[in-house]
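Single-structure report; data block below.
Note that this is a predicted model, so its numbers are computed, not measured. Labels below follow one simple rule: chain letters A, B, ... track the order of the sequence lines, proteins then strands, and each chain is numbered from 1.
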Number of protein chains: 2
Amino acid sequence: MTSEISPEASDLRAATLRLARRIRQNRSIASMTDAQFAVLVNVHLHGPHTLTALAERDGVTAPSMNRTVNSLEEAGYVTRVADETDRRKVIIAIAPEGSEVVLETLRRRDGWLQGLLDALDDDDRATLGAAARIILREVHR
Amino acid sequence: MTSEISPEASDLRAATLRLARRIRQNRSIASMTDAQFAVLVNVHLHGPHTLTALAERDGVTAPSMNRTVNSLEEAGYVTRVADETDRRKVIIAIAPEGSEVVLETLRRRDGWLQGLLDALDDDDRATLGAAARIILREVHR
DNA sequence: TATTGTTATACTCTATAACTATA
DNA sequence: TATAGTTATAGAGTATAACAATA
């Protein structure tokens, strides 16, 4: 039993994709790709991971994640260290330079969004804040 | 004069990127990429375009757009026709098969979102609807 | 045998540079 | 000359298949 599609669903789809695109345009390093930045955020926020764990987190294959990690390691943003207890595993961790890229990008993105929020009246600002909390509560990655 | 970054801005950033990712996972054709679908939506909604116009719309170079249009043309989703008045130009238009892909993908995405909305109480559903309208009003592409 | 990571190969999207055809 | 489109080439992300090292 499927319900009808409401205008709210179409509006929410269009609004979300448009805003997401604008948010992603705010980066501290223009040459950094979405795939690279996603890995950097994962290891910055959630600590060191194995290659397989990173691949599963982003829903890509291990060879694909391997290439992305290679580029981040070459740039000095992450480090690879062999796991002591299980020597098949490699632990990928954030480097200080990587953390700086993450923090600066988040500052830019949130700063841009803050400018958007500051231009709204109190009711609209409260509505967007409430909507964000509902989405974070209901939608899981 | 820059204001402080509020938790609302960070929440809105995280919620928007997470929801956008989930929306994009809903496609009628799994092999269709974001770049291809974006072009298809443009010509479906806004009519025929020249190659340069399509490239500018999506913020990519002409050679890059040319490759994407090539793949869509090979798949039978768009058509290329020489402009009669200025024969340097090529008009790219949606084909019926392309429109069907667009419509089916939008149906899937909106249907998935509708399921999300249906699971909420009236207040939360109204909040998301209001938030979408605020974003569509304030954020332009 | 199973798991972890890597390499080999191939396809798409991205770019810049250079070229063709037309205005 | 300038513009519109295309081709050539290269770098990065994606995948599957096959491999080495380790458990």
Interatomic distance, [X] [atom1] vs [N] [atom2] [rounded to whole Å]:
{"X": "A:D83", "N": "C:dT3", "atom1": "CG", "atom2": "P", "answer": "17 Å"}
{"X": "B:H49", "N": "D:dA4", "atom1": "NE2", "atom2": "P", "answer": "15 Å"}
{"X": "B:L51", "N": "C:dC13", "atom1": "CG", "atom2": "C1'", "answer": "14 Å"}
{"X": "B:Y77", "N": "C:dT12", "atom1": "OH", "atom2": "P", "answer": "13 Å"}
{"X": "B:R80", "N": "D:dA4", "atom1": "CZ", "atom2": "P", "answer": "16 Å"}
{"X": "A:E84", "N": "C:dT4", "atom1": "CD", "atom2": "C1'", "answer": "16 Å"}
{"X": "A:I29", "N": "D:dA12", "atom1": "CD1", "atom2": "C1'", "answer": "16 Å"}
{"X": "A:N70", "N": "D:dG11", "atom1": "CG", "atom2": "P", "answer": "15 Å"}

Does a side-chain N or O from [X] land closer than 4.0 Å to OP1 or OP2 of [N], or not?
{"X": "A:T52", "N": "C:dG5", "value": "yes"}
{"X": "B:N66", "N": "D:dT6", "value": "yes"}
{"X": "A:R87", "N": "C:dT3", "value": "no"}

With a 4.5 Å cut-off on side-chain heavy-atom distances among I, L, V, M, F, W and Y, is there a chain of contacts connecting B:I29 to B:V39?
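Same cluster: B:I29 reaches B:V39 through Ile, Leu, Val, Met, Phe, Trp or Tyr contacts under 4.5 Å.
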Does atom CZ of A:R87 have more than 12 heavy-atom neighbours from other groups under 6.0 Å away?
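No.
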Any luck finding a side-chain donor-acceptor pair between B:Q114 and B:D118 under 3.5 Å?
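B:Q114 vs B:D118: donor-acceptor pair found between side chains.
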B:R57 to A:R21 - nearest heavy-atom pair and separation
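Shortest heavy-atom separation between B:R57 and A:R21 comes out as O-NH2, 4.0 Å.
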Does any N or O donor sit under 3.5 Å from an N or O acceptor when you compare the side chain of A:R88 with the base of C:dT3?
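Side chain to base: pair found, below 3.5 Å.
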State whether the side chain of B:H49 and the backbone N or O of B:G47 hold a donor-acceptor pair below 3.5 Å, judged by distance alone.
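Side chain of B:H49 to backbone of B:G47: a pair is present.
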Look up atom CG in A:L17 and atom CZ in B:R141, then write down how far apart they are to the nearest 0.5 Å.
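It comes to 11.5 Å.
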Using a cutoff of under 3.5 Å, can you pull out all pairs of nitrogen or oxygen atoms linking the protein to nucleotides 13-20 of chain D, with atom names and distances?
from	atom 1	to	atom 2	distance (Å)
D:dG13	OP1	A:T33	OG1	2.9
D:dG13	OP1	A:Q36	NE2	3.4
D:dT14	OP2	A:S64	OG	3.0
D:dT14	O5'	A:S64	OG	3.2
D:dT14	O4	A:R67	NH1	3.3
D:dA15	OP2	A:T61	N	2.9
D:dA15	OP2	A:T61	OG1	3.0

If you measure from the Lys or Arg side-chain nitrogens to the Asp or Glu carboxylate oxygens, is any gap between A:D124 and B:R133 under 4.0 Å?
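A salt bridge is absent here (no side-chain N lies under 4.0 Å from a carboxylate O).
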Under 4.0 angstrom, heavy atoms only, what part of the nucleic acid is A:D86 near: base, sugar-phosphate, or nothing?
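Sugar-phosphate contact only.
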